[in-house]
Protein chains: 2
Amino acid sequence: MKLRHLTFRLLEVYVSVVRHGSISEAARQLHLTQPTVSLQLKRLSEAVGEPLLEHTRGQLHLTDAGQVLYRACQDMLGRFDDLQDNLLELKGGHSGRFSIAMVNTAQYVMPRLLGPFSQDYPEVDVTVEIGNREQVLHRFHQQLDDIYIFSHPPSLEHAAAARFLRNPLIMIAAEEHPLAGADEISLPRLLEERFLLREPGSATRMLFDSWLQTRGLQLHRSLQMASNEAIRVGVAAGMGVAVVSQHVLPKGLTGIVPLQVEGMPLESHWHFIVRRDRRLPYAARRFLIHADDHLESCLDPAYVCHETRQLLAQLGIS
Amino acid sequence: MKLRHLTFRLLEVYVSVVRHGSISEAARQLHLTQPTVSLQLKRLSEAVGEPLLEHTRGQLHLTDAGQVLYRACQDMLGRFDDLQDNLLELKGGHSGRFSIAMVNTAQYVMPRLLGPFSQDYPEVDVTVEIGNREQVLHRFHQQLDDIYIFSHPPSLEHAAAARFLRNPLIMIAAEEHPLAGADEISLPRLLEERFLLREPGSATRMLFDSWLQTRGLQLHRSLQMASNEAIRVGVAAGMGVAVVSQHVLPKGLTGIVPLQVEGMPLESHWHFIVRRDRRLPYAARRFLIHADDHLESCLDPAYVCHETRQLLAQLGIS
DNA sequence: GTAATATATAGATAATTATCTATGGAGATT
DNA sequence: AATCTCCATAGATAATTATCTATATATTAC
């Protein structure tokens, strides 16, 4: 294989095709025509001297050589990104950029970490993507971001996770609700109420469903709502009860109270998740380090946990 | 800095200049003219947007940017070298992966080939799929695997086959069976017995059925069973006789004896089957070569046959 | 002061890369 | 069977890269 026949452009195009699983889709993303991308792949394959891709029933697959090349491309392109960051640092201070995707509820938590970080590193550009669980999972699979925030992380191939904050789930009702002042409400009694909850697949719902299942119970009366905000408004209006992350209740909120239910709050944790198979940009690493160093000062110290350094060590980052 | 303005050639030239400490010397080493190298450095510097080198009293020094770039160049060029090594390993079949699907009975045979191969090539990942004949055929049509093992290969479009081991089919009965000690049992006599057999479509049954048909005969009393294990247990219990692959009878098995029947054992062979219309991974090629080279040492030499090299030659692989 | 060596710039050319449009074949969908 | 989508190939063009020779300038050695 001739080094001079390999260009960074070819590597970029290749990585895009693999990531999108389609030559046509990669062409659209790169603003090239489909024959251009097809020809670039051909040139790359010729430079390597091996087939890189194969189509089986319309599905794009990497050959072994294609897999090996893909990893090498990611490493080289990632090293170029590092180089750029290093050069920017030389020019003046710390800069760079990274992207972070989080489930809806995390938007109540993450600004307390991102805010101080942006103050300490004003030149770093942070892109924040917020969505429901399914949307964030999709972004994870498409490798669109550098860091992912889940409260109940799925079991993901290529994922490395670190808990950083407890995320207790509590039961809430309106102040005037019959169960509002009761002690130790039993689960059978509770399940007589109507439950307001998010779409299937949301972490809170999944955790609550599985918790009920371990007790041989399940919900009878429920109403699905599209956002936590809608749930809060509905609970306050007496439409029912709900399990929510304690984070979504601002301090001083009136009209809503937590219920005393056996076995609650449910313990879950906020996690930082990164892909093992993808290079973590300098700025993202810096953020994770900064976050780990400032958990106590930015969040309630009783709720924090420090696994982020382990995560970075796992990735070979110190 | 524009990625596309950076080429591997520029990186090579730069590393050479730094290493030799002189543009003229690097030019000599690279078999280029001095103005060429000077211009390449200029283009690189322009691409980076920073001076990279400075001359102090005739001595070449790297600027900070030059230092940062030098390290990045070494990493990227080093990663290219690794890539080449990886590709060479793949081509030699020393690493990579392949998938092999086999009919149930083959699991008594194939470990004796796969085990030594995995010991000799620990870096190769082998996926083994086991199923009945229909399932393996389905996988063949879906192009899910690289190698298929059948004892009685179907006539398949796009298939190339090579026999590697005789697979004699014998008639068995319980030790106490009336025919157990008889010489040269006639077929009419034999067909008075109840036959335990697998589902329609299994190789053994197909072969036996077609063998009977060539003699103008057919089964009268039969009992279908779901596995060879169940057949063996049934035979030992005196439920009837059965045609089985000799392989499924472990040495030293008691309670079951082969019957002396005219025309038996039936000759069949284990086959390696690959798709002509699909590229065979290097690791799979390496396995077939290794298997062909080790048939005598891994299996009973009296039963092996060497057609695998012909198969590979047919596929244009030497 | 002169010669030798190293480096930068100018002008030029060949080779290569990157991209387009046009079009045909294959497979999937309707 | 017709249509749509995806991919590969052909032909073409623009842009860029890589290299040359010629030559000027600066520095060092003698």
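Residue numbers begin at 1 in each chain, while the letters A, B, ... track the order of the sequences.
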Pairs satisfying side chain to side chain donor-acceptor pair (under 3.5 Å), at least one member in residues 121-131 of chain B, at least two apart: B/Y121-B/R286
Does [N] have OP1 or OP2 sitting under 4.0 Å from an N or O in the side chain of [X]?
X: B/H55; N: C/dA6; answer: no
X: A/R4; N: D/dA18; answer: no
X: B/T33; N: D/dT21; answer: no
X: B/H31; N: D/dT19; answer: no
X: B/S22; N: C/dT7; answer: yes
X: A/R9; N: C/dT17; answer: no
X: A/Q40; N: C/dT17; answer: no

Would you tabulate the nitrogen or oxygen pairs shorter than 3.5 Å linking the protein to nucleotides 25-30 of chain C?
none

Aromatic contact, B/Y148 with B/F272 (centres under 6.0 Å):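 Here the rings of B/F272 and B/Y148 have centres that are no less than 6.0 Å from each other.
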Between B/Q29 and B/E25: side-chain donor-acceptor atoms closer than 3.5 Å: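 The answer is yes; a qualifying pair exists.
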[X] [atom1] - [N] [atom2] separation (whole Å):
X: B/E46; N: D/dT17; atom1: CD; atom2: C1'; value: 13 Å
X: A/H5; N: D/dT17; atom1: NE2; atom2: P; value: 17 Å
X: B/L41; N: C/dT9; atom1: CG; atom2: C1'; value: 14 Å
X: A/E25; N: D/dT5; atom1: CD; atom2: P; value: 13 Å
X: B/K42; N: C/dG11; atom1: NZ; atom2: P; value: 12 Å
X: A/E54; N: D/dC7; atom1: CD; atom2: C1'; value: 15 Å
X: A/L53; N: D/dC7; atom1: CG; atom2: P; value: 10 Å
X: A/L44; N: D/dA8; atom1: CG; atom2: P; value: 13 Å

Position toward the 5' end of DNA chain C (nearest nucleotide), A/T36 or A/L6: A/L6
DNA chain C: 5'-proximal contact among A/F8 and A/P35 (nearest heavy atom):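 It is A/F8 whose nearest nucleotide is closer to the 5' end.
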Sugar-phosphate, base or nothing in reach of B/L10, heavy atoms under 4.0 Å: sugar-phosphate
Touch class at under 4.0 angstrom, heavy-atom based, for A/S38 against every strand present: base
Lys NZ or Arg CZ of B/R275 over B/F140 ring: under 6.0 Å, within 45°: yes
Main-chain N/O of B/E134 paired with B/N132 side-chain donor or acceptor, under 3.5 Å: yes
Candidates C/dA18, D/dC7, C/dT7 - which lies nearest the side chain of A/Q34: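 Of all the options, the side chain of A/Q34 is nearest to D/dC7.
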SB check A/D146 A/R285 (cutoff 4.0 Å): no
A/H138 atom NE2: more than 12 heavy-atom contacts under 6.0 Å: no
Closest-nucleotide ordering on DNA chain D, the 5'-leading residue of B/L32 and A/I23: A/I23
Over all atoms of both residues, closest heavy-atom pair of B/R97 and B/V124: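 Scanning both residues, the minimum pair turns out to be CA-CG1, 4.5 Å.
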